Amino acid sequence: EAEVGDESVHALAIRAPELIDVKFARSSFSDNAVAALAVGCPLLKAVSFFDCPGLSDVGASAFAQCSQLERATFARCAVTDVTVLAIAAARRSIKEFNLTDCRGLTDAAAEAISGAFPDLETLHLCYTGVSNASIPKLIASCPHLRVLTLNGTYKVSSNCLEAHIGQLHQLEEIRVYGIPVTDNFVEALAGGCLQLRDLEMSSKNLTDAALKSLGDRSQNLRNLAVPFCVNLTDIGCKFV
């Protein structure tokens with residue numbers, strides 16, 4: 001990762017046409033520079049932009065031109081549904097999408113992901129506007145998901161998740177910090193997602209029954225984070 005500006009990005013676009021992977025963090029550059037990078041480096045397979053406030057849909061959507069794109073991160077950027085819809089329309093074989101803290105993202109983006117990326121393995125939608133309206137189709141359409149993070153997606157309910165999460169039989173990691181999940185969610189998760197290794201949740205609704213469900217069924221669980229789950233006790237901890 002490097003802090004760069006327009007001049008450096010334009011230089012990459014001109015001098016490195018065979019580039020396949022780029023990562024930028026906390027950098028200031030214009031959409032025009034990013035769009036030039038997408039045009040100048042058509043072989044890109046992975047792009048990562050973290051906390052780049054100058055990057056909006058104008059620049060990010062240009063990566064729809066990259067025919068080999070598999071992994072895209074636009075975390076904490078001014079990216080909205082427009083970028084997701086553009087990449088989805090181009091039918092790229094996306095396996096990893098990180099849209100964390102893209103506050104302009106709505107169910108339209110989630111629905112586009114559902115229809116365009118059946119081989120998706122990793123999806124980060126933390127602190128976005130995704131809601132219950134798109135979760136059922138998203139889960140049903142992405143059966144190969146291994147990682148799903150929904151921290152801070154306050155429009156998603158425990159009832160919605162518990163009704164559908166068990167379909168993700170390959171799921172290994174899920175984070176639902178901030179969603180008031182219940183014991184029923186954990187039971188559905190443990191019963192359907194037998195490959196589960198990492199789980200993070202924070203909810204005062206959880207009781208020791210949730211931990212018992214994990215202990216009984218989640219034999220592959222390695223990492224469990226349950227901050228602020230005030231109704232869990234030492235008795236429950238003995239189950240996992």
Side-chain angles (χ1 to χ4, degrees), residues 75 94-101 105 107 109-111 113-114 117-240:
I94 301 294
K95 294 182 178 179
E96 179 177 336
F97 228 148
N98 187 341
L99 298 160
T100 295
D101 212 7
L105 221 65
D107 287 321
E111 290 173 3
I113 290 170
S114 301
F117 310 128
D119 296 324
L120 193 66
E121 297 178 356
T122 299
L123 179 61
H124 300 282
L125 292 173
C126 301
Y127 304 102
T128 64
V130 171
S131 77
N132 288 344
S134 60
I135 290 296
K137 183 179 179 182
L138 181 65
I139 289 176
S141 301
C142 300
H144 303 296
L145 273 179
R146 297 181 183 276
V147 177
L148 177 63
T149 65
L150 296 169
N151 294 346
T153 52
Y154 301 115
K155 296 180 181 180
V156 175
S157 70
S158 182
N159 287 342
C160 180
L161 287 175
E162 68 192 48
H164 303 281
I165 197 66
Q167 300 175 48
L168 296 177
H169 302 305
Q170 297 184 39
L171 193 68
E172 298 178 2
E173 177 182 336
I174 183 169
R175 303 183 185 278
V176 290
Y177 186 94
I179 299 176
V181 293
T182 66
D183 294 344
N184 290 337
F185 161 74
V186 178
E187 183 179 3
L189 179 69
C193 308
L194 301 182
Q195 303 303 315
L196 188 66
R197 296 173 58 88
D198 295 86
L199 171 60
E200 178 182 301
M201 50 189 180
S202 63
S203 172
K204 64 182 181 180
N205 297 327
L206 294 171
T207 71
D208 290 340
L211 297 182
K212 189 175 189 307
S213 293
L214 293 173
D216 288 345
R217 299 185 178 184
S218 298
Q219 302 303 311
N220 292 308
L221 191 65
R222 296 294 179 268
N223 300 297
L224 175 63
V226 287
F228 309 115
C229 297
V230 296
N231 290 313
L232 299 183
T233 71
D234 291 340
I235 295 174
C237 291
K238 294 178 181 179
F239 294 128
V240 293

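Since the model is a prediction, treat every value here as computed from it, not as a measurement.
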Exercise. Go through the structure and list residues passing side chain to side chain contact (heavy atoms under 4.5 Å, CB included) with Leu221, not counting sequence neighbours.
Key: Leu196, Leu199, Leu214, Ser218, Leu224
Quiz item: What residues form a side chain to side chain contact (heavy atoms under 4.5 Å, CB included) with Pro143, not counting sequence neighbours?
Solution: none
Self-check item: Contact summary for Leu194 and Arg217, nearest pair of heavy atoms
Solution: CD2-O, 4.1 Å
Quiz item: Between Leu125 and Leu150, what is the shortest heavy-atom contact and its length?
Solution: CB-CD2, 4.0 Å
Counting only pairs under 3.5 Å, give me each side-chain donor-acceptor contact of residues 134-141, with atom names and distances, residues two or more places apart or in other chains.
{"unit_1": "Ser134", "atom_1": "OG", "unit_2": "Asp107", "atom_2": "OD1", "d": "2.6"}
{"unit_1": "Ser134", "atom_1": "OG", "unit_2": "Ser131", "atom_2": "O", "d": "3.4"}
{"unit_1": "Ser141", "atom_1": "OG", "unit_2": "Lys137", "atom_2": "O", "d": "2.8"}

Self-check item: Of all pairs that satisfy salt bridge (charged side-chain N to carboxylate O under 4.0 Å, His left out), the ones with a partner from residues 198-215, not counting sequence neighbours
Solution: Arg175-Glu200, Lys212-Asp216
Practice problem: Could you note down all residue pairs passing salt bridge (charged side-chain N to carboxylate O under 4.0 Å, His left out) where residues 144-165 supplies at least one of them, sequence neighbours left out? | Solution: Arg146-Glu172
Quiz prompt | Main-chain N/O of Val226 paired to Ser202 side chain as donor or acceptor, under 3.5 Å | solution = no
Quiz item: Under the ring pair (Phe, Tyr, Trp, His ring centres under 6.0 Å) rule, what pairs show up with a residue in residues 117-138, not counting sequence neighbours?
Solution: Phe97-Phe117
Quiz item: Could you give the distance from NE2 (His144) to NZ (Lys95), rounded to the nearest 0.5 Å?
Solution: 10.5 Å
Quiz item: Say you draw a straight line from CD1 of Ile165 to CG of Leu168; how long is it, rounded to the nearest 0.5 Å?
Solution: 4.5 Å
Could you work out, with side-chain hydrogen bond (donor to acceptor under 3.5 Å, both in side chains) as the rule, every residue matching [X], not counting sequence neighbours?
X      : answer
His169 : none
Asp119 : none
Thr100 : Asn98

Practice problem: Tell me, please, which residues at least two apart from Glu187 pass salt bridge (Lys or Arg N to Asp or Glu O under 4.0 Å). | Solution: none
Practice problem: Apply the side chain to side chain donor-acceptor pair (under 3.5 Å) test between Thr207 and each candidate in Asn231, Asp183, Thr233; give the one that qualifies. | Solution: Asp183
